[in-house]
Amino acid sequence: RNDDVVAHAAEMAEQLAIAAADRHRMERDVAALKLLDSELTAAESSTRDRLSGPVLARLRPYADLVFPGAELDLDDGLQPAGLSRSGASEVVKTLSGGPQEQIAVLLRLGLARLFADRGSAVPLILDDALVYADDRRIAAMFRALEAASAHHQVIVLTCRETTFKELKGERLMLTR
């Protein structure tokens with residue numbers, strides 16, 4: 001019986017040593033994952049800060065035409081997050097469809113301008129955009145699109161000929 005207790009204690013000591021080694025390995029893995037998470041978060045933040053400032057700087061002149069005096073905030077994925085205007089801050093997702101749509105177009109204008117300023121002009125193609133814009137906002141968006149066209153190509157595809165007749169630029173019509 002004494003031998004059984006000694007053998008069982010030895011077996012338990014061996015299992016404890018294995019568990020302690022496993023625990024140590026897992027603690028190292030957790031520490032490595034925490035370090036990796038921290039480094040990735042810092043790199044993401046640095047990239048966002050490095051890009052969001054220039055994008056917001058290029059977006060601002062266009063946004064001032066549509067939302068005078070407003071400030072746009074971008075989230076970690078460089079998506080519109082907040083709009084501050086008249087001393088109040090609003091979450092973009094809670095805005096009605098029109099402002100959300102206009103902000104999305106303005107952000108694209110800012111990104112396209114950033115590419116153009118860095119020597120890699122890309123065309124901005126809008127396909128039936130601005131469907132939720134009222135008369136005042138669509139006129140302001142037209143001014144923003146026209147201003148952007150001085151720096152890069154802006155292509156607007158639409159079936160709303162009457163609404164878009166005030167937008168300056170070259171008009172192409174599809175024919176058979």
Side-chain angles (χ1 to χ4, degrees), residues 36-37 39-176:
L36 177 62
D37 180 58
E39 291 298 315
L40 287 173
T41 299
E44 181 181 59
S45 178
S46 172
T47 300
R48 182 192 67 244
D49 292 345
R50 195 176 76 248
L51 290 175
S52 68
V55 169
L56 287 171
R58 277 136 180 115
L59 177 150
R60 189 163 289 114
Y62 306 131
D64 281 342
L65 295 169
V66 183
F67 303 101
E71 292 291 326
L72 185 65
D73 294 317
L74 303 179
D75 67 14
D76 291 345
L78 294 176
Q79 295 297 311
L83 182 68
S84 300
R85 53 185 170 171
S86 303
S89 186
E90 302 168 272
V91 175
V92 170
K93 289 181 181 178
T94 64
L95 298 173
S96 64
Q100 284 190 44
E101 176 186 60
Q102 293 142 25
I103 290 168
V105 170
L106 292 169
L107 179 59
R108 284 162 180 77
L109 291 175
L111 287 165
R113 175 69 186 269
L114 179 62
F115 278 104
D117 288 352
R118 293 187 174 178
S120 300
V122 294
L124 176 65
I125 302 171
L126 302 173
D127 186 6
D128 264 329
L130 308 174
V131 296
Y132 300 111
D134 60 28
D135 292 343
R136 183 178 60 81
R137 284 273 172 77
I138 204 157
M141 287 300 297
F142 286 173
R143 288 192 306 274
L145 292 171
E146 291 162 6
S149 71
H151 305 282
H152 55 83
Q153 187 176 28
V154 178
I155 299 170
V156 178
L157 306 172
T158 187
C159 61
R160 298 169 38 209
E161 187 176 334
T162 304
T163 303
F164 280 77
K165 73 180 177 185
E166 297 301 318
L167 181 60
K168 295 179 181 145
E170 185 69 31
R171 297 204 182 285
L172 303 176
M173 301 292 271
L174 293 178
T175 60
R176 290 186 177 257

Minimum heavy-atom distance between Asp64 and Ala70, given as atom pair plus value: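 Result for this residue pair: OD1-O, 4.3 Å.
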Identify the heavy atoms of Ala112 and Leu124 that sit nearest to each other, and give their distance. CB-CB, 4.5 Å
Show me, pair by pair, the donor-acceptor contacts under 3.5 angstrom made by side chains of residues 144-152, not counting sequence neighbours?
from	atom 1	to	atom 2	distance (Å)
Glu146	OE2	Lys168	N	3.0
Ser149	OG	Glu146	O	2.7
His151	NE2	Arg113	NH1	3.1

Please tabulate, for side-chain N and O atoms in residues 153-164, each donor-acceptor pair with protein atoms closer than 3.5 Å (sequence neighbours left out).
from	atom 1	to	atom 2	distance (Å)
Thr158	OG1	Asp128	OD1	2.9
Thr158	OG1	Arg160	N	2.9
Arg160	NH1	Leu130	O	3.3

Could you give the distance from CG (Leu106) to CG (Leu111), rounded to the nearest 0.5 Å?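 CG of Leu111 is found 11.0 Å from CG of Leu106.
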Please round to the nearest 0.5 Å and tell me the distance separating atom CG of Leu56 and atom CG of Leu74.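 So the gap between those two atoms works out to 4.5 Å.
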Heavy-atom check, side chain of [X] versus side chain of [Y], under 4.5 Å:
X: Val105; Y: Tyr62; result: no
X: Glu44; Y: Leu40; result: no
X: Leu59; Y: Leu72; result: yes

Quiz: residues 81-98 side-chain donor-acceptor pairs under 3.5 angstrom, not counting sequence neighbours:
from	atom 1	to	atom 2	distance (Å)
Arg85	NE	Glu90	OE1	2.7
Arg85	NH2	Glu90	OE1	3.2
Thr94	OG1	Val91	O	2.6

Result block: side-chain N/O donor-acceptor pairs under 3.5 angstrom for residues 133-142, not counting sequence neighbours:
from	atom 1	to	atom 2	distance (Å)
Asp134	OD1	Arg136	N	3.3
Asp134	OD1	Arg137	N	2.7
Arg137	NH1	Gln102	OE1	3.3

So, the side chain of Thr47 versus the backbone of Ala43: is there a donor-acceptor pair under 3.5 Å, distance only?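 Yes; judged by distance alone, with no hydrogens or angles, the pair exists.
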Counting N and O atoms only, with roles assigned by atom type, does the side chain of Arg108 sit under 3.5 Å from a partner on the main chain of Ile125, one being a donor and the other an acceptor? no
Enclosure of Arg143 CZ (heavy-atom neighbours >12, cutoff 6.0 Å):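 More than 12 heavy atoms, drawn from other residues, nucleotides or ligands, come within 6.0 Å of this atom.
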Contacts of Arg58 meeting side-chain hydrogen bond (donor to acceptor under 3.5 Å, both in side chains) (sequence neighbours excluded), chain-then-number -> Asp117
Ser45: side-chain hydrogen bond (donor to acceptor under 3.5 Å, both in side chains) partners, not counting sequence neighbours: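 Partners of Ser45 by the side-chain hydrogen bond (donor to acceptor under 3.5 Å, both in side chains) criterion, ordered by chain and then number, come out as Arg48.
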